Structure formats: structure tokens, C-alpha cells
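Everything below concerns the one structure shown next.
Keep in mind that what you see is a predicted model, and the values were worked out from it rather than measured. Below, chains carry the letters A, B, ... as their sequence lines are ordered, and counting in each starts from 1.
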Number of protein chains: 2
Amino acid sequence: MATIKDIAQLVEKETGIKTLPRHIERILEALMATGDFWQVSGNAHLPVPVVANAIKHMQEAGWVTVSDEKIELTPEGLKVAQEAGLSALPSYKCPRCGGRGIDYTARPDWWNQFKEIIQDRPEPIQQYDQAYVTPETTISRVLMLDQLGDLRNKRILVMGAEDDLTGLAVALTGLAKEVLILDIDERLINFDNHWIEKLNLPNARAQVFDLRKPFPEEWLRHFDVFITDPPETLMAFKAFIGRGVAALKGAGSAGYFGLTLQDSSMARWQQLQRMLLDEWDMVITDIKQDFNEYVPWPYHQETKAQRLAPVNVGPKDIW
Amino acid sequence: MATIKDIAQLVEKETGIKTLPRHIERILEALMATGDFWQVSGNAHLPVPVVANAIKHMQEAGWVTVSDEKIELTPEGLKVAQEAGLSALPSYKCPRCGGRGIDYTARPDWWNQFKEIIQDRPEPIQQYDQAYVTPETTISRVLMLDQLGDLRNKRILVMGAEDDLTGLAVALTGLAKEVLILDIDERLINFDNHWIEKLNLPNARAQVFDLRKPFPEEWLRHFDVFITDPPETLMAFKAFIGRGVAALKGAGSAGYFGLTLQDSSMARWQQLQRMLLDEWDMVITDIKQDFNEYVPWPYHQETKAQRLAPVNVGPKDIW
């Protein structure tokens, strides 16, 4: 009969991602609370391929049944979990702020205007691997910047991921000295510039730019703050963050970026953290898990994550 | 006339702590929002000696007036701040969870019992440099452990700082496989053991222990989780965290500890982070600023921080 340890070894062998018995336990703990594959992957804080592969082996071992819709622990699976002393992972997220710790309604002017503007926002397209976060998330990012002293009278560079409209939300405050928004998707840049012009925000501009290209001289050592959400490979991370760091004035400047435990393993997090400390001489001051909540996106069926997933439904809820 | 840059240089020279013009700006931003020295030091995210020394020089430059009670920007100081494009640091902390992101009332049973028990808790004494956090903070720590899968059926080591009663709060849940609480203060250990016995919590025990001493063999590689709040020197950090890491089973285990930007500079944070990654092969998964709120403690007049402070009042409010 398969054990938790056996499954950890199989998963590590087949995915090439370091997988501990404790990780398999975390998947079982998450499965005790929900049958939604996407929630399981999120709550277990493990990469999607690890969770998908582990569930395949759990299915073979008779621990779970998998339908198009959901995953269920069998009596056998429940017994394995209970014998290992596991129980359902609870959630104590603050219901008011969604666990981000920031009151997104604290600036009703910003919140209301942003909600108004996003009514005709560009929808995500797969060509650029887009999926946008909830407006609560976007506004909380702006408030976090402001609370940490990185908004008012600052020069701010927003690099990609503008489907979240973070750059536009920063610009809307009118408080930054300069906002430069870069994205490869012309639809987003046009959308931003439309509002920048309409609302007369002379300090902001949006520009189509492929972030794989080097920056022009005038952007180097020019900004106080960068914001980005790099694709989660070591190469992309190095390119995006490296470019962001080069655009900063120097000591006392700050960078904000997104990183997940669903797309990157703990081992990759460690590599990235070493890079931040050693290559760029930075210090890590804040890491907020589950800050970003994603709105289900239309093309989820065709993503790599969906192909790996053992279920045929995309995320139903904010993820 | 003194400039922001001049003051940064003077402070760096006199305190020996790296101080940038941006740091002096942060102090001015904090002073634009409050005249409470302790709030300024907290909000500026800077070490107490830096803030105290900077305010001394600001006073000499005529930017602030300092009374026994508070610090006020003069018209001259306000002008300097405004010309540098500074404005008051806002706070958007979620009012429900205090910015921790955790609903501390989510387990009313734990919350109510803890509030009951702390009515006759031992008061902080200076001999051990004590100052305890609010009960909301202590319970949020327990909920955070549970939410991250580090409570149920786990072996948990709580190393010092038991004036917060974190170990007792963990024990009260009855969910851990083992709770070992160590502290040098016999009053706290007796208090914990009184409740452990009264409430019949056979998995928990508290023991007087001086954390400068080596651990007995049976504690090594034995625990799933450690919790500590080391004195903020590099030596103490190395000793406490190193001892905690040695007590963990290995990969998949977790450590929780407190660290501030008031007692440790960014440069020291960076050294500590390098230690975590390189010496102990750990990865940093969560950093929550302002998680800990302290209750004003009775002997504040006699602390080193108070001697450095330009005002004669201790923290009036949770800090």
C-alpha cells in the first residue's frame, strides 16, 4: 500500500521539483477543506505541477476520486490523512480586508473612481498570458505604496502586467511626481492614455514597450520605485527585477513585485531571495502571502496550468 | 543653513548607522502626521537611535521644537519638508484586524479563554527586558500558525518572550502534539504550568531555561516549529535562531520570530536574511510589518530607548 512518503518520492521523480512528505500532507490537509483543485493548490502553497501529479498518484492509490468538477477524498484517503494526524486547513483571513491588512475603502475617492473606470477595461488575452486581479487588490497595492512612503512626490515605474491596471490606479491619485507605465499590449496602453488625457494627469504616461529590450539611458537611475509582476522563471525574474533595479536611483529606493508559491517552488524562492540580497544588494522588508486575488479569466481552458490540472473546470472564484 | 543631506551625514557619523537623506525625509513625513516620538520611530521604520539623533539635529537647525511631551515641526521645518515635496505619512491599516490580515475573533473560544486567563498575568519586569504584546497580537500569532498548517498535531518549541504568553495561547488550543515553553522568568513558567495543570493540557509543559545554554540532546531535530523573539543583536539572533533551527526536524519545518526596524537597521536585516538563507538553508515565506503591537510597559522610563528619546514620556499607546 502506498504511503505519504512513497507519493512524495514519485512526485519528486516525475516533476523534478523537490517534494517532501510534509508537502503531500499539506495537499491532504487542503483536500480535507475543499474539493476545488485551484483552492487546493493555493491553500497548500505548492506549485501546480506538484499538486496535479500528487493527486494523480493519490487517485491511483485509491485515496481520492477525481471528476470533471472536483476532487474528493475516499474513506481510504481520509483514513490515511487521519492516521497521519492531519486535519482540514482552516482560514482566518480578515473578512474586511481579505487578509491584506489594508483597508481598501480608506480612500473612497480612489476606490470609486477606479471601479467606475474598470467597467470597460480590456479583457485578458492569452497571447500575453494575462489574468487580472480584483479591484480590491489593485487599490490595496496603491494604498500600500502610499502607506510605505513610496507614492507621494515619487517617480514610479510600472513594468508590465498592466492588465491589473496598477499603473493607471497609481496615476489616478495624482500624487506621484512621475508615473511611467510600460506594457507590450497596445490595448492597455491606449486604455491608460485615454484616461490619463481625459482626467488631465500630466505626470503620467503609458507606452508600448517590450520588457525584454534594454532600457533607454534616461530611465536608468531615474526612479524611486518600480512595480512589476514577472513571469515566474529564474531568467525572467532576473531580467525584470534587474531592469527595475537599474532604473532605481539607488539606496533608499524600493521595488514591489509579485511572486507565488503556485508557480514557483520554495527552492526557487530561495534562489530569488539570494539574488535580491547578493546580486542587487537589496533587503526584503515585506512578504505578504495571498495579497493578490485573481478574477477567473476567459481562456483558462487553454493554459498550461489547466492542462496539468486533473479537473476540467477553471478557477470558479477569485484565486 | 542645514539641509536634509547634512543631517543625514551628521546622524550617520554620530550613530554609526547608515543613514540616507531618504531616511531623514521619512522622519519628516512621520512628524507631519504625529508629534509622538514613539509613533514617529515606528512609522518611519527606522532605528530609535537614528530618529533620536536626527531630531536633536533638527532641533538645532530650528526645524522642530521638543518638549517633555512631544515634538512639533516649526514653520521653518514645515517649509523644508514641503520644499522637499514631502507630505504626512498616511495609514490605511484595516481597522478590523489591525493590519495583521487575521481575524483574531475567528475562534471566539480561544479568544475568550485567553482574555479570561490574562487578567492576572505577570507584569513585565525590566530585569528581563520584558514588554508584552496585546492579546489580539498573541491570538493572531496562534491563528497564523494554524492557518499555515503549523499548529495541529505539531511539536512546537516556544523559546523565550513568554511575557507575551504565546506558548500558553498555543497550548490552550489543545491541538498541538507537543508544546514546550522555555523562559528564564520563573513567574511566567509557574503561571503557564498553573493553567496547563488546571485545564488539563497533557501535551504542554513550561520549563525555566536560560536560552544562552546549549539544548539537551532530546530537543535536537525533534520539533516541527519554533517560535522566538530574540534580542536584536546579530549575536543574539544567531544564538536564538541557530538553536531553533537545530531543534527542527529538517526540511519542511518552520520558524517564526520577531524582528523590528526600530531596533535593527535595514543593514542588519540584510545580514540576518543572508544568515537565514546561507547558514541555515532557510527560505523566507512571510514578513509582516507591524504585526506586533506592544502594551506600554511600567518601567519604560528606565530603558535604553527612553534614555535616547528626546521626550520624557514613554509610549502612550500600543506601539
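For chain A, no part of H23(B) is nearby; none of its heavy atoms comes within less than 4.5 Å. With a threshold of 4.5 angstrom between heavy atoms, S253(A) does not approach chain B through any atom at all. With a 4.5 angstrom heavy-atom cutoff, D224(B) does not touch chain A via any of its atoms. Only the side chain of L20(B) has a heavy atom closer than 4.5 Å to any heavy atom of chain A. Using a 4.5 Å cut-off between heavy atoms, K154(B) contacts chain A through its side chain alone, with no backbone atom that close. Of the atoms belonging to N43(B), not a single heavy atom falls under 4.5 Å from chain A. A84(B) touches chain A through its backbone: at least one of N, CA, C or O sits under 4.5 Å from a heavy atom, while the side chain does not.
Of all the listed residues (R107(A), E25(A), K18(A), H45(A)), the one sharing the greatest number of non-hydrogen pairs under 4.5 Å with chain B is R107(A). The residue among D290(A), I287(A), L89(A), D286(A) with the most heavy atom pairs within less than 4.5 Å of chain B is I287(A). Highest contact tally toward chain A, considering only M266(B), K177(B), R100(B), M144(B), is held by M266(B) [criterion: heavy-atom pairs under 4.5 Å]. Across D146(A), T105(A), L148(A), the residue that shares the most heavy-atom pairs under 4.5 angstrom with chain B is D146(A). Contact tally against chain A (heavy-atom pairs below 4.5 Å) for G99(B), S140(B), A267(B), G98(B): the top residue is G99(B). Taking S91(B), P95(B), A44(B) one by one and counting their heavy-atom pairs under 4.5 Å with chain A, the maximum is reached by P95(B). Note on A106(B), A30(B), G85(B): by heavy-atom pairs under 4.5 Å with chain A, the leading option is G85(B).
Looking at every heavy atom in both residues, C97(B) comes nearest to G101(A) through SG-CA, 4.2 Å. Pairing each heavy atom of G149(A) with each of E29(B), the nearest pair is CA-OE1, 4.5 Å. Counting all heavy atoms, side chain and backbone alike, R22(B) lies closest to G252(A) at CG-O, 3.8 Å.
Using a cut-off of 4.0 Å between Lys/Arg side-chain N and Asp/Glu carboxylate O, D103(B) and R96(A) are scored as not salt-bridged.
Taking CD1 from I284(B) and CG from L272(A), the interatomic distance works out to 11.5 Å, rounded to the nearest 0.5 Å. The CH2 atom of W269(B) sits 12.0 Å away from the CG atom of L277(A) when rounded to the nearest 0.5 Å.
In K249(B), the NZ atom is crowded: over 12 heavy atoms of neighbouring residues, nucleotides or ligands sit closer than 6.0 Å. Crowding of K288(B) atom NZ: a count of heavy atoms from other residues, nucleotides or ligands under 6.0 Å exceeding 12.
Between V283(B) and the choices Q273(A), R268(A), R274(A), the side chain to side chain contact (heavy atoms under 4.5 Å, CB included) rule is met once, by Q273(A).
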